Amino acid sequence: MKLLARAVIGTTLLGCSLAFAQTVKIAGLVELTGTGATSGTNFDNGIKLAVKEINAAGGILGRKIDYRSLDTQSNPGVAKGLAQQAVDDEAYVVMGPVFSGSIMVSMAVTRKAEVPNFTGGEAAAITQQGNPYVFRTSFTQASAMPKIAGYLRDSLKAKTVDLIYTNNDFGKGGRDLIIKTLEARGMKIGADLSTEPGQVDFSSPVLKARQSTGDALFVYTNEEEAARVLRELRKQGYAKPVVGETVLTSQKVIELAGEAANGAVAHVGLTADAPQAGVKKFDEAYQKEFKSRSDHNGLKGYIGLYTVKAVTEKIGKFDPKAFAAAMKNISLSAKANPGLLLDISYDDHGDLDRESYMTKVVNGKQVVTDVLPPVNKK
């Protein structure tokens with residue numbers, strides 16, 4: 001009998017030990033190489049920092065997070081293949097890709113498998129296809145562009161705006177929406193200049209912008225290209241206002257462009273320079289962990305994973321379908337969920353809403369000039 005009792009106790013303890021050892025798999029589809037390496041690496045680092053903190057605090061519903069990042073190589077085809085790999089590995093949630101062109105391809109796989117998928121992509125088309133499993137970690141272009149257009153008209157008094165944009169899903173989506181919002185406010189489009197992902201020489205588009213009669217220049221490219229544009233603008237003596245969305249005043253662009261970044265203005269959904277205490281705490285932790293400052297993508301990855309934690313704990317189980325359903329029209333408080341850093345809400349399309357910022361590069365640093373309320377704040 002004693003041996004039997006010991007066996008029962010041993011089996012019980014083993015069962016408890018195995019249950020405690022259970023993990024929840026989360027996959028990151030991130031641009032660690034290629035043209036999106038800056039964005040993807042920051043996004044990945046933000047997720048890793050959140051994983052470290054969450055696991056140290058006991059995990060999600062008692063389970064530690066098993067996070068694995070997979071390099072999309074900034075290639076949509078590779079991203080799609082890795083999405084299938086994540087699904088086959090029974091990932092509870094997929095984080096990424098960041099690039100719009102990649103998520104537009106890979107999310108078909110996670111949708112078919114009914115796996116929630118968070119993305120850093122901003123292209124409006126991402127959430128216009130009725131995919132109930134895709135959720136943004138950034139503002140949609142449709143939310144951001146009206147704020148920029150308002151700044152160009154009301155603060156800069158611009159009547160004609162020139163454009164330099166990247167010829168990909170991200171760039172073309174932004175270009176189409178900024179044109180629509182500018183024209184809706186009575187402004188005209190001057191030079192409309194398309195450039196390529198990874199482009200090195202911007203002397204021609206900058207010359208055309210300098211020769212244009214536009215009152216300001218709107219730049220909508222990836223980080224490396226934005227820095228090259230700013231350096232070329234400085235080289236050619238461009239003296240008109242230069243405005244962008246998120247990327248233009250990011251830490252990586254400032255590092256790459258140097259003094260040429262000074263004076264650039266951008267609306268940003270997230271920035272490590274935000275005045276909120278939670279963001280400052282994140283900034284300190286990120287720098288300690290990675291020996292560098294995070295751009296907006298690091299914040300998106302970090303907040304995105306804390307959103308996964310908050311919603312999972314809200315539904316009380318690891319159920320992808322229930323998770324996706326709970327995300328619709330949800331509002332989450334940073335007070336109740338400090339890792340979110342800011343109060344956040346989602347609509348029924350997977351688009352988010354929260355505070356955002358107007359920023360300017362001054363003496364080599366991004367400075368927050370205004371805190372803008374959520375779009376839907378009454």
Side-chain angles (χ1 to χ4, degrees), residues 39 97-105 107 111 117-155 158 161 163-187 189 192 194 218-222 243-250 265-271 296-297 299-300 303-304 307 327-331 342-359 370-378:
S39 303
V98 176
F99 271 20
S100 297
S102 292
I103 186 65
M104 290 286 287
V105 173
M107 70 181 186
R111 178 179 186 172
N117 194 165
F118 285 76
T119 177
E122 297 179 5
I126 293 171
T127 51
Q128 291 177 347
Q129 300 182 22
N131 185 340
Y133 289 92
V134 68
F135 310 100
R136 292 187 197 273
T137 57
S138 62
F139 282 113
T140 172
Q141 292 165 332
S143 297
M145 295 305 172
K147 296 185 177 184
I148 298 168
Y151 174 81
L152 287 162
R153 181 192 64 186
D154 302 332
S155 297
V161 178
L163 312 176
I164 291 180
Y165 67 96
T166 300
N167 184 27
N168 59 13
D169 289 325
F170 161 75
K172 289 185 289 186
R175 173 217 178 248
D176 292 347
L177 278 166
I178 194 65
I179 288 176
K180 180 180 179 180
T181 52
L182 289 172
E183 291 179 342
R185 287 159 176 76
M187 289 179 277
I189 307 303
D192 186 8
S194 171
F218 177 69
V219 177
Y220 200 66
T221 66
N222 299 319
V243 180
E245 154 60 24
T246 304
V247 169
L248 194 64
T249 60
S250 68
V265 173
H267 167 263
V268 303
L270 289 168
T271 172
H296 60 283
N297 291 294
L299 281 154
K300 290 191 291 187
I303 295 172
T307 302
M327 282 291 297
K328 305 301 181 183
N329 298 306
I330 196 171
S331 292
L342 303 165
D343 292 347
I344 189 171
S345 64
Y346 277 86
D347 65 13
D348 59 355
H349 300 293
D351 288 322
L352 62 78
D353 195 12
R354 62 184 165 215
E355 289 182 339
S356 61
Y357 313 89
M358 288 303 300
T359 62
D370 291 286
V371 178
L372 308 180
V375 175
N376 296 319
K377 185 176 181 178
K378 297 180 180 179

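Here the structure is a predicted model, which means the values were calculated and not measured. Note that the numbering runs from 1 along the sequence shown for the chain.
- By the salt bridge (Lys or Arg N to Asp or Glu O under 4.0 Å) test, Asp351 is found to be paired with Arg136, residues two or more places apart in sequence or in another chain being considered.
- Take Ser138 and apply the side-chain contact (heavy atoms from CB on, under 4.5 Å) test, not counting sequence neighbours, and it matches Glu122, Lys300.
- With sequence neighbours left out, Tyr357 forms a side chain to side chain donor-acceptor pair (under 3.5 Å) with Gln276.
- To the nearest 0.5 angstrom, Thr246 atom OG1 is 10.0 Å from Gln141 atom CD.
- For the salt bridge (charged side-chain N to carboxylate O under 4.0 Å, His left out) condition, no pair includes a residue of residues 138-149, sequence neighbours left out.
- Of the listed residues (Thr181, Leu182, Asp176), just one forms a side-chain contact (heavy atoms from CB on, under 4.5 Å) with Met145, and that residue is Thr181.
- The shortest side-chain heavy-atom distance between Val243 and Leu248 does not fall under the 4.5 Å cut-off.
- Scanning for side chain to side chain donor-acceptor pair (under 3.5 Å) contacts around His267 gives Glu245, Ser356, with sequence neighbours left out.
- For the side-chain contact (heavy atoms from CB on, under 4.5 Å) test, residues two or more places apart in sequence or in another chain that qualify with Ala142 are Thr140, Leu177.
- When the side chain to side chain donor-acceptor pair (under 3.5 Å) test is applied to Asp370, no partner is found at least two apart in sequence or on another chain.
- Take Asp192 and apply the salt bridge (Lys or Arg N to Asp or Glu O under 4.0 Å) test, not counting sequence neighbours, and it matches Arg175.
- With sequence neighbours excluded, the residues forming a side-chain contact (heavy atoms from CB on, under 4.5 Å) with Arg111 are Asn131, Pro132, listed by chain and number.
- Residues meeting the ring pair (Phe, Tyr, Trp, His ring centres under 6.0 Å) test with Phe170, sequence neighbours left out: Tyr220.
- A search for side-chain contact (heavy atoms from CB on, under 4.5 Å) contacts involving Asp154 returns nothing, not counting sequence neighbours.
- Remark: Lys172 engages no residue in a side chain to side chain donor-acceptor pair (under 3.5 Å) (not counting sequence neighbours).
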